[in-house]
Amino acid sequence: MAEEVGLDLVEISPNNDPPICKILDLGKYKYQAQKKAAEQRKRQKTQEVKEIKMRPNIDVHDYEVKMRSVRKFLEDGDKVKLTMRFRGREMAHQELGLEVLMRARDEIAEISKVEASPKMEGRQMMMVVAPAK
């Protein structure tokens, strides 16, 4: 029957009794399956990690600008890594940097969850937040 129509006989489910077969154009079927897989890959959203760097003595306006960026990244579905950099004598007052990170955490608490709480790595204190979805 398939040869009469000029198409291919494709075995769909070989384990059934009797096996299930279909008459279709195999080249066209493979092409459509490939296009469908490519479309699904295109729509897939990869989650990136965005980094925001701050200093312990950050000014109010600078802090607000950075927090606006953090909110935008979280709303786009990306994780955000908040980095507090210490230089020179700032290392003696790490609690100031911790306060800034805690204030940031409290401000974005309704739209995010903390994945990694603040911890020191060398001269930097880092915290990772993810969207609360």
K.L.:
With side chains defined as the heavy atoms from C-beta onward, is the minimum distance between V128 and V114 less than 4.5 Å?
P.N.:
no
K.L.:
Run through L74, I111, I52 and flag the one making a side chain to side chain contact (heavy atoms under 4.5 Å, CB included) with V129.
P.N.:
L74
K.L.:
Backbone N or O of E121 within a donor-acceptor pair of the Q124 side chain at under 3.5 Å?
P.N.:
no
K.L.:
Could you see if L24 belongs to whatever hydrophobic cluster contains L9? Use Ile, Leu, Val, Met, Phe, Trp, Tyr and a side-chain cutoff under 4.5 Å.
P.N.:
no
K.L.:
Tell me the closest heavy-atom pair linking M84 and P56, and the distance in Å.
P.N.:
SD-N, 3.3 Å
K.L.:
Supply the atom-to-atom distance D25 CG to D8 CG, rounded to the nearest 0.5 angstrom.
P.N.:
6.0 Å
K.L.:
Taking NZ, NE, NH1 and NH2 as the nitrogens, is one of them in E90 or R123 under 4.0 Å from a carboxylate oxygen of the other?
P.N.:
no
K.L.:
Determine yes or no for a side-chain-to-main-chain donor-acceptor pair under 3.5 angstrom, with K79 supplying the side chain and K50 the backbone.
P.N.:
no
K.L.:
Could you measure the distance from the CD atom of E51 to the CZ atom of F73? Nearest 0.5 Å is fine.
P.N.:
10.5 Å
K.L.:
Let me see the working for L82 and V70 under side chain to side chain contact (heavy atoms under 4.5 Å, CB included), right down to the final yes or no.
P.N.:
CA-CA 9 Å; L82 294 163; V70 169; 3.8 Å; yes
K.L.:
Could you walk me through whether I20 and E11 pass the side chain to side chain contact (heavy atoms under 4.5 Å, CB included) test, one step at a time?
P.N.:
CA-CA 6 Å; I20 299 174; E11 192 174 32; over 6 Å; no
K.L.:
Counting only heavy atoms not in K22, do more than 12 fall under 6.0 Å of its NZ?
P.N.:
no
K.L.:
Step through the shown structure and confirm whether more than 12 heavy atoms of other residues, nucleotides or ligands are within 6.0 Å of CZ on R85.
P.N.:
no
K.L.:
E39 and salt bridge (Lys or Arg N to Asp or Glu O under 4.0 Å): which partner among K36, R43, K35?
P.N.:
R43
K.L.:
So, does Y63 use its side chain to make a donor-acceptor pair with the main chain of A104 at under 3.5 Å?
P.N.:
yes
K.L.:
Check I108 against S112 and note the closest heavy-atom contact, atom names and distance.
P.N.:
O-OG, 2.7 Å
K.L.:
Are any non-hydrogen side-chain atoms of M1 and I23 less than 4.5 angstrom apart?
P.N.:
yes
K.L.:
Flag yes if L98 and M91 sit in one hydrophobic cluster, no otherwise; membership is Ile, Leu, Val, Met, Phe, Trp, Tyr, and two members link when side-chain heavy atoms are under 4.5 Å apart.
P.N.:
yes
K.L.:
Determine, step by step, whether M127 and K81 satisfy the side chain to side chain contact (heavy atoms under 4.5 Å, CB included) criterion, reporting the C-alpha distance in whole Å, the side-chain angles of both residues, the deciding distance to 0.1 Å, and the verdict.
P.N.:
CA-CA 6 Å; M127 176 172 79; K81 179 179 177 183; over 6 Å; no
K.L.:
Walk me through whether R55 and F86 qualify under side chain to side chain contact (heavy atoms under 4.5 Å, CB included).
P.N.:
CA-CA 7 Å; R55 298 279 307 280; F86 297 96; over 6 Å; no
K.L.:
Might you point out which heavy atoms bring L101 and P118 nearest each other, and give the distance in Å?
P.N.:
CD1-CB, 4.0 Å
K.L.:
Would you say D78's side chain and V49's backbone share a donor-acceptor pair under 3.5 angstrom?
P.N.:
no
K.L.:
Counting C-beta onward and ignoring hydrogens, is there a side-chain heavy-atom pair between M125 and Q94 closer than 4.5 Å?
P.N.:
yes
K.L.:
Tell me, yes or no, whether the heavy-atom count around E110 atom CD, taken from other residues, nucleotides or ligands under 6.0 Å, exceeds 12.
P.N.:
yes
K.L.:
State, to 0.1 Å, how close A92 and E95 come at their nearest heavy-atom pair, and which atoms those are.
P.N.:
O-OE1, 4.1 Å
K.L.:
Taking M102 as the starting point, is it possible to reach M67 by hopping between hydrophobic residues whose side chains are less than 4.5 Å apart?
P.N.:
yes
K.L.:
Starting from L26, can I reach I12 by hopping between I/L/V/M/F/W/Y residues whose side chains sit under 4.5 Å apart?
P.N.:
yes
